[in-house]
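What follows is a single structure, and I will ask about it in a moment.
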Amino acid sequence: MVIYNKVYSNEVCRGTRKYDYLDFGAHQFEKLCYYLGFPIEKRAIRIILENFIYKVYRKGIFLIKEGDNNTNVQYIIDGGVKVFRSANAEIQVLNLIGNGGFVGSINNLFMGLPSNYSFKTCSECKVLEIDGAKIQSLFGAGYQALYKSMIEKIFGLALEHEKEVSQLLRLNNLEKVAAIYSSYDHLFQSFTIKEIASFVNMKPESFSRMRKKILP
């Protein structure tokens, strides 16, 4: 799995029932805590299971809309989410978040402002979801040391990733496709060529043409 282009686990959920995914998601979350350097106590899994809800969203569903308040956070067990905003009557794709990533509005959760981006599912998505207000209550419920620094680091990685994406978009088309295959190949697990091309401001035909030049 990938958290902002940083691999921490290659395991996949092999179950088909709701509780298989819920249990898998909770334990992957626990592994992520270890990966980020935050030792997790035995009680943490119980806290996760008590506060995160397992949900399945169909393709084409808005998890967060631009301008929303009181937004939730989703940890993606399986699926893909497109991050975009409207500008001059056009849609600008800003990010693609796949398995092991987090969906959440930094503006809304940490600054109390309306979300400045929209988040929409590109496929069926299985997630662990927590109410934004619950995150704040967990911070003040004796678990602050366990969760606050971890979540801040996750969103710090998100901001770092945004800078990397900004650099990616300044490359020429051939360099963009080469960079996707060298550093962002995990995107192909959750997204189509059309969606990935849109992410790097390319037409699918151009992306495919450049791909032929760099792949054996």
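Values in this document were obtained by computation on a predicted structure and should not be read as measured data.
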Of all pairs that satisfy side-chain hydrogen bond (donor to acceptor under 3.5 Å, both in side chains), the ones with a partner from residues 53-62, not counting sequence neighbours
K55-E129, Y57-E129
Return the CD1 to OG distance between I64 and S118, rounded to the nearest 0.5 Å.
9.0 Å
Are side-chain heavy atoms of I77 and L128 found at a separation under 4.5 Å?
yes
Residues in side-chain hydrogen bond (donor to acceptor under 3.5 Å, both in side chains) with Q92, at least two apart?
R85
Looking at CD1 of I53 and CG of D131, how far apart are the two atoms once the value is rounded to the nearest 0.5 Å?
8.0 Å
With sequence neighbours excluded, tell me which residues meet side-chain hydrogen bond (donor to acceptor under 3.5 Å, both in side chains) with S182.
none
Those residues at least two apart in sequence (or on a different chain) that pass side chain to side chain contact (heavy atoms under 4.5 Å, CB included) with N69 are N108, P114
Scanning both residues in full, the closest heavy-atom pair of N95 with F199 reads CA-CE1, 3.7 Å
Considering residues at least two apart in sequence or located in another chain, which fulfil the side chain to side chain contact (heavy atoms under 4.5 Å, CB included) criterion with K120?
F62, F84
What pairs with E160 under salt bridge (Lys or Arg N to Asp or Glu O under 4.0 Å), at least two apart in sequence or on another chain?
K6
Which heavy atom of C122 sits nearest to which heavy atom of F191, and what is that distance?
SG-CE2, 3.9 Å
Just do the side-chain contact (heavy atoms from CB on, under 4.5 Å) check on V81 and C125 with the steps written out, would you?
CA-CA 8 Å; V81 174; C125 284; 4.0 Å; yes
Please tell me if the side chains of V165 and L94 come closer than 4.5 Å, counting only heavy atoms from C-beta onward.
no
Can you confirm whether V200 sits close enough to L169 that some side-chain heavy atom of one is under 4.5 Å from a side-chain heavy atom of the other?
yes
Please set out all donor-acceptor pairs under 3.5 angstrom arising from side-chain atoms of residues 202-216, sequence neighbours excluded.
| unit_1 | atom_1 | unit_2 | atom_2 | d |
| --- | --- | --- | --- | --- |
| S206 | OG | R209 | NH2 | 3.4 |
| S208 | OG | P204 | O | 3.1 |
| R211 | NH1 | Y181 | OH | 3.4 |

S86 versus I91: any side-chain heavy-atom pair under 4.5 Å?
yes
Do L168 and I180 make a side-chain contact, defined as non-hydrogen atoms from C-beta onward lying under 4.5 Å apart?
yes
What distance separates S190 OG from I76 CD1, expressed to the nearest 0.5 Å?
7.5 Å
In short, L171 meets K176 closest at the heavy-atom pair O-CE, 3.2 Å
Mind checking side chain to side chain contact (heavy atoms under 4.5 Å, CB included) for N70 and listing every partner two or more places apart, or none if nothing turns up?
none
Sorted by chain and number, sequence neighbours left out, side-chain hydrogen bond (donor to acceptor under 3.5 Å, both in side chains) with E162 holds for none
Euclidean distance, E66 CD relative to Y117 OH, rounded to 0.5 Å:
9.5 Å
Calculate, to the nearest 0.5 Å, the distance between atoms CD and CD1 belonging to Q74 and I130 respectively.
11.0 Å
Are the side chains of E195 and L187 in touch, meaning some heavy atoms are under 4.5 Å apart?
no
Taking only residues two or more places apart in sequence or in another chain, which ones pass salt bridge (Lys or Arg N to Asp or Glu O under 4.0 Å) with E124?
K126
Table please: side-chain donor-acceptor pairs of residues 12-24 below 3.5 Å, with sequence neighbours left out.
| unit_1 | atom_1 | unit_2 | atom_2 | d |
| --- | --- | --- | --- | --- |
| D20 | OD2 | T16 | N | 3.2 |
| D20 | OD2 | R17 | N | 3.2 |
| D23 | OD1 | H27 | ND1 | 3.3 |

Do the side chain of S123 and the main chain of G80 share a donor and acceptor less than 3.5 angstrom apart?
yes
Quick one: pull up OH in Y75 and CD1 in I97 and give me the separation to the nearest 0.5 Å.
13.0 Å
